[in-house]
Amino acid sequence: MIQLKEKLTKYITEHPIDFGTSDADSTLDFLYGAYAEAHENDPPETKALFAQLGEYLEKLPLETNNAMFFIIVKLCTEHERRAFEEGIRWGVQLASELC
C-alpha cells in the first residue's frame, strides 16, 4: 500500500492536472463540473416535476416567482453537489479498504 501511495504521489507531482479553461479550484470541483456538464439533460421525471413546480409558481407575482425558483434550484444544485462529493468519499473509502 505504501508503494502504491508513493507511486501515485510521484505521478501526480510529475503530471499536474491541467484544468484548462475551467474555473475549478480543486480536482473535486473539476470532476463535479464534468459530471454536471455530462448530465445537463434532465430525465423525463425531473422535467415533469419542474413543470409541476412551474404551475405552482406561475400563480405567484413575478418577483416572488423568480425568487422562489432561484432558491429551489440553488437547493437542488447544492443537494446534488453534496451527494456527488459524498459518492466520491465512499469510492475512496471502498478503494482504501480493497487495497
Side-chain angles (χ1 to χ4, degrees):
M1 184 72 171
I2 293 172
Q3 287 178 334
L4 175 61
K5 181 180 177 186
E6 289 171 355
K7 287 180 182 180
L8 286 172
T9 302
K10 181 181 177 193
Y11 181 84
I12 290 168
T13 302
E14 293 173 358
H15 302 88
I17 294 174
D18 178 8
F19 291 115
T21 59
S22 170
D23 60 353
D25 294 326
S26 67
T27 304
L28 187 59
D29 282 344
F30 186 79
L31 283 173
Y32 181 72
Y35 164 81
E37 188 176 303
H39 292 89
E40 285 183 349
N41 296 322
D42 292 327
E45 297 85 4
T46 303
K47 288 179 182 178
L49 288 170
F50 270 109
Q52 184 178 2
L53 174 62
E55 290 174 13
Y56 286 112
L57 291 177
E58 69 185 15
K59 296 173 184 169
L60 300 173
L62 183 60
E63 187 176 312
T64 306
N65 176 321
N66 287 341
M68 292 295 296
F69 187 77
F70 176 79
I71 291 169
I72 292 165
V73 169
K74 186 82 171 153
L75 282 169
C76 291
T77 302
E78 182 60 27
H79 180 74
E80 181 184 64
R81 182 178 181 81
R82 291 185 68 199
F84 175 83
E85 291 175 358
E86 193 63 22
I88 294 291
R89 285 187 195 97
W90 279 99
V92 169
Q93 177 67 34
L94 176 61
S96 70
E97 290 175 8
L98 293 174
C99 291

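Residue numbers start at 1 and run along the sequence shown.
Atom-to-atom distance recorded for Leu53:CG and Leu49:CG is 9.0 Å, nearest 0.5 angstrom. Residue Arg81 holds its CZ atom at 6.0 Å from CG of Leu28, rounded to the nearest 0.5 Å. Note that CZ of Arg82 and CD of Glu78 are 6.5 Å apart. Values are rounded to the nearest 0.5 Å. Separating the CZ atom in Phe30 from the CG atom in Asp23 is a distance of 11.0 Å, to the nearest 0.5 Å.
Residues passing the ring-ring contact (aromatic ring centres under 6.0 Å, His included) test with Phe84, sequence neighbours excluded: Tyr32, Tyr35.
For Arg89 and Glu86, the salt-bridge test passes: some basic side-chain N is under 4.0 Å from an acidic carboxylate O. The pair Lys10-Glu6 fails the salt-bridge criterion, with no side-chain N (NZ, NE, NH1 or NH2) lying under 4.0 Å from an Asp/Glu carboxylate O.
Ile71 and Leu57 fall into different hydrophobic clusters, where Ile, Leu, Val, Met, Phe, Trp and Tyr are joined by side-chain heavy atoms under 4.5 Å apart, directly or via other members.
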